[in-house]
A.B. asks: 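Sharing a structure here in C-alpha cells format.
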Amino acid sequence: MDFDAVRTFVAVAEAGQFQEAAAELSITQQAVSKRVAALERNLGVRLFARTPRGAELTIDGQALLPQARELLRAAERAIASVRPGHRPLRVDVIASRLATSGLIRGFHRAHPEIELDVMKLFDVETAVAALRSGAIDVSFRAVAMPGRPLPEDVESVRVLDEPLQLLTGPAHKLASARSVTVAQLAGHRIWMPGIAPGTEWAAYYDDLVAEFGLTIEATGPNLGADDLLDTVADTPALATFIGEQTRLVWPTGHGLRRIRVTDPTPVYPHSLLWHRDNRHPALATLRGHLGAKPVGHDTARTWTPNWARNY
C-alpha cells in the first residue's frame, strides 16, 4: 500500500478540505486529489463525497480512517526501530555476572536516559557476525584469537584488564593464603567446566597453561555457576579461576575464599567492539564513558596472551 496516499487520506479527513490538506502536506491540491483517487482505485471504494462544505467521509471512508491512522503509527514505529537515536543501543555482554555486565550497569547509572537492549551472545565469531550484520551495536570481548584477527570493518578499544583470582573451598591447601603466586598454582587442579573449545576464553586459558605449566580441567558438564560453587566448596582438591569483578553469591556455609594471584597477575583483556559504519549516537557516549576509566595495570606485574597485547 502507498503510505503517501494513506497519509494524504488522513490529512484530508482531518482537515475536511483538499486545499487545507495540500497546504499541510506541502504539495499541490492536484497532487492531493491524485493520491486520494489512486487509493480509492486500489481499494475499490469511494472515500470522500464532495459537498459545498468540502470533503466528507463516506461510510467506507469512516471505516478506513481509524485503521489508516494505526497503519501510519505502525509505520512510524517500524522506522524508529531502526533509526539510530530512536532505538535502544544493542549491547552484548557475554554473561550477566561478568565484569562486562558491570560496565554496562555503570554506564546506565551515568546515562539513564539512554535505552539499552542487553543480550548475551556466545563467542567472538558470533558477536563479530552480529556486529557486521547490524544485529547488535557493540560487544565486549577478548577481541580475537591467534591467527584470527578482527575484520577491517570492526573496530575495538581495550576498556578493562580484569585480574584473575583463585577461588577455593575452606579445606583447600591454599585457602588460608591472602595471595598466591602463579608459580604456587603449579600442580593444583583448577576446574573450569565453562571453557568451550574454539572460544576466545579457551584460547586465553590455553596460553595461560602453556606459559606457566598450570593444570586447568574443563571436564564434566557445565551446569552453571551454582554447581561450580557447590563443587569447589565441597572438594578440597579443586579450585577455579574467577574474574576480580565477577559477581558471585554463595551460601555462608560454603566458606569459599577469593585469593589474589600475583607475580605476575593474569589479567583478562576486555575490549569494546563495534562496526566502523555504526552511527548510533549512544555508541559515542558509551565509548566516551568507558574511555574515561583506567584500563590496565602495571604491565611488568601482569600477564596477558601475546595475541591480546596489540588491542
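We number each residue from 1, following the sequence as shown.
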A.B. asks: Under 4.0 Å between a Lys/Arg side-chain N and an Asp/Glu carboxylate O for R132 and D153?
C.D. replies: yes

A.B. asks: Return yes if some donor-acceptor pair links the side-chain N/O of D92 with the main-chain N/O of L121 below 3.5 Å, else return no.
C.D. replies: yes

A.B. asks: Tell me, do V32 and I27 make a side-chain contact under 4.5 Å, heavy atoms counted?
C.D. replies: yes

A.B. asks: H254 and D234: side-chain donor and acceptor closer than 3.5 Å?
C.D. replies: no

A.B. asks: For the backbone of A22 and the side chain of Q17, can you confirm whether one donor and one acceptor N or O come within less than 3.5 Å of each other?
C.D. replies: no

A.B. asks: Quick check on H188: does its NE2 atom have over 12 non-hydrogen neighbours (other residues, nucleotides or ligands) under 6.0 Å away?
C.D. replies: yes

A.B. asks: More than 12 heavy atoms of other residues, nucleotides or ligands under 6.0 Å from CD of Q29: is that the case?
C.D. replies: yes

A.B. asks: Check whether the side chains of D123 and T199 place a donor and an acceptor atom closer than 3.5 Å, and report yes or no.
C.D. replies: no

A.B. asks: Please report the closest heavy-atom contact between L214 and L185, naming both atoms and the distance.
C.D. replies: CD2-CB, 3.8 Å

A.B. asks: Examine the side chains of S101 and R97 and answer whether a donor and an acceptor come within less than 3.5 Å of each other.
C.D. replies: no

A.B. asks: Is there a side-chain contact between T262 and R301 (heavy atoms, below 4.5 Å)?
C.D. replies: no

A.B. asks: Just by distance, do the side chain of Y268 and the backbone of L160 share a donor-acceptor pair under 3.5 Å?
C.D. replies: no

A.B. asks: Quick one: does any side-chain atom of R50 pair with a main-chain N or O of F48 as donor and acceptor, under 3.5 Å?
C.D. replies: no

A.B. asks: I want to check something: taking the side chain as every heavy atom from C-beta on, are I114 and L286 in contact at a cut-off of under 4.5 Å?
C.D. replies: no

A.B. asks: State whether the side chain of T100 and the backbone N or O of V93 hold a donor-acceptor pair below 3.5 Å, judged by distance alone.
C.D. replies: yes

